[in-house]
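When reading the values below, keep in mind they use all heavy atoms of this one structure, side chains included, and skip hydrogens, waters and symmetry mates. None of the values given here were measured: they were computed from a predicted structure.
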There are 2 protein chains.
Amino acid sequence: MSKKKVSLKDIAEKAGVSTALVSYVLNGKEKESRVGVDIAAKIRQIAIELNYKPNYLAKSLRSGKTQTIGLIIADISNPFFANIARIVEDEAKKNDYTVIIGSSDEDADKSWDLINVLLNRQVDGFIIVSSENTEEQIQYLSSRNVSFVLLDRHFPAIPTDYVVLNNYHASYIAGTHLIEGGYRNIGLIAYRSQLFHMQERIRGYVESLRDAEITFHPDWLTEVDFGRIEPEIRAGIDRMLAADQPVDALIFSTYRLAISGLKYINELGLTVPDDLAIVSFGQAEAFDLYYCPITYLQQPMEALGKTAVELLISKLKDPEQPPRQVLMEATLIARNSSKVKALVT
Amino acid sequence: MSKKKVSLKDIAEKAGVSTALVSYVLNGKEKESRVGVDIAAKIRQIAIELNYKPNYLAKSLRSGKTQTIGLIIADISNPFFANIARIVEDEAKKNDYTVIIGSSDEDADKSWDLINVLLNRQVDGFIIVSSENTEEQIQYLSSRNVSFVLLDRHFPAIPTDYVVLNNYHASYIAGTHLIEGGYRNIGLIAYRSQLFHMQERIRGYVESLRDAEITFHPDWLTEVDFGRIEPEIRAGIDRMLAADQPVDALIFSTYRLAISGLKYINELGLTVPDDLAIVSFGQAEAFDLYYCPITYLQQPMEALGKTAVELLISKLKDPEQPPRQVLMEATLIARNSSKVKALVT
DNA sequence: AGGGCTTGCTTTAACGATTAAGCAAACGGA
DNA sequence: TCCGTTTGCTTAATCGTTAAAGCAAGCCCT
């Protein structure tokens, strides 16, 4: 496409020098390479005149670096991840990196595909929001000495760089908040997943009950299959409400589960928070719009995204450095959906 | 990073032939290049053994093609665009293209930046959701003979390839739907924008009123500044409700306006649809979750994204072909927010 | 048998940039 | 004056791939 590009050679010819000199000057290596002051000025001048833009492909081929980061995200249609993507992109650009985003759609095969495509494209490193059953992919990258940072989710068994939420604590806070609001029979809806962040969310919830000396009732925990969210949430909520000790509050461990669950709660004609108090992970416009604004755990998205980029870039500079791990805290944004329980007199 | 890559040379050495032969074989040019059948087989064999992966950088440098598409989106945090991005990515991958996504955040300067970065990265072509005041950017690309397809928004004054919604008709349908539901005083909230798609949405609305012989009242139209959505929507709704002929129905011309508007309507304590019927462009989980599900104009996202990719790829194959324009229809999904007006007796 | 075609491969240049190595001219020191 | 250093530039190799051009051996045809 388009007009012929300006290359070093064009500048060299116009200046009557070799391409080497031009390269030295335009890369600020005039000192080390003993380039004459006047010719350097002339070269710079001509470069501007011709509006020279270096060819990244050639640069990359030579250097083996593409200044490109591969971002593999579990689900781009989730607004949380879409925002993370935007933040990562911005931050990367500030550091002169370009980001190639791929969505694995929570599918291990798609994730493999993406990794291979991006490796082929010679990305310098990865930021990865891992899906289920992708440990081997992470191991593979590790074994090939590819630089990467895990974001939002990590595998405790594999020593890697990562930036994640303190999911245990976030969940614990959510449980405690409801308990302090007078709710006693608190349910949790989570994904049926081996992913550590999900296990931690369950653990935090369970321990918040235990610390308040509330006996956890197995019926209060619904684990939902990723592929069958709708029906399993319905069944789960039904079961929770029909339990010996029916739940009076629900924690949703992700945004998507909350959306689905709230729809069903609407259908059932239940009122939030009188019939059922709600706290959810994630954040979304939908929560503001709900007739009763939803209490949610706010994740430090900016910080998560920025830190991931920082860690990766620092790793790219010095691949030998030991892995760094960052744990961040969520903030509970209390709203009406979890307001102090009305006394039943 | 990582182990040394396998190159054509490695295969050539192992097979005891020149790299040229290897290149011919692995590119399926054995016939034209008269490569011996047995040596071809041997080369292929070795390539598999060594797990050869071609170096895209070198290929691209040589060919001038990167098999990469730049996707510039007006706002990635908008779920509509995030979904479009995903569809474009999938479709591109099917055609062996990689997508680099950039969000211009509705900002012309950022859009310029992105275009330059991506041009420097030698993308083969662009798919662009234009922001306001970016005609000159489109003109520039045109004049440089860069291949691109406009998506969702276009500039009628510039002859380009594009794939957009029939915004006029969509808006007309929305208006007509409300009129048929018995609403007479219908307001529209739109962006204050010169972008053609927005103008068309306004035109469609106005003409739906005219065709129903309803006199359009200027107070019924609120145009909102992109940077000041919240306050201007509030002011606009206040004005519409205080008008001589207060509105009994509202059309939101984008998803984001609807979210903002509905929040305020909630605050005012108005009931949808009894106090105010609603129809909105865009689609989102939030609309399902609202206590009264929102009627919306469903856009053929799949088709939009896929067609854009198709047009672009076909343009890349033959850059000389005349521009093609595609107009798609929205479907009105009627729900409770616009149900037939209860008779006031 | 000698000229031309076919077959099967190699050589070489090129894409655009970087960089080690080389080389001539000018300069400095004793 | 002579040798060694510095200065200022060029040459050439390299990254991995492609493709035009070249070349030797074997074939056919008359």
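A salt bridge links R86(A) and D75(B); the closest N-O separation between the charged side-chain nitrogens and carboxylate oxygens is under 4.0 Å.
Under the side chain to side chain contact (heavy atoms under 4.5 Å, CB included) criterion, K306(B) pairs with I87(B), E91(B), K94(B), E302(B), not counting sequence neighbours.
A heavy-atom distance below 4.5 Å is found between the side chains of D124(B) and Y97(B). Contact of the S142(A) side chain with the F148(A) side chain is registered, since non-hydrogen atoms from C-beta on lie closer than 4.5 Å. Within the 4.5 Å cutoff, the side chain of N51(B) has no heavy atoms near those of the V6(B) side chain. For the pair V129(A)/I84(A), no side-chain contact is recorded, criterion being any heavy-atom separation below 4.5 Å from C-beta on.
Note that the two end axes of the helix from dA1(C)-dT30(D) to dA30(C)-dT1(D) enclose an angle of 60°, each drawn from 5 base pairs, rounded to 10 degrees.
Residue F80(B) places its CZ atom among more than 12 non-hydrogen atoms of other residues, nucleotides or ligands, all under 6.0 Å distant.
Taking atom CD of residue E32(A) and atom C1' of nucleotide dT7(D), one finds them 15 Å apart after rounding to whole Å. Separating the CD1 atom of I11(B) from the P atom of dG16(D) is a distance of 12 Å, rounded to the nearest angstrom. Separating the CD atom of E30(B) from the P atom of dC9(C) is a distance of 11 Å, rounded to the nearest angstrom. The nearest whole Å value for the distance from the CZ atom in R34(A) to the C1' atom in dT10(D) is 12 Å.
There is a side-chain donor-acceptor pair under 3.5 Å between R121(B) and T98(A).
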Produce a footprint string for nucleotides 10-20 of chain C: one letter per nucleotide, 5' end first; B if the base is under 4.0 Å from any protein heavy atom, S if only the sugar-phosphate is, - if neither.
BB--BBBBBBB

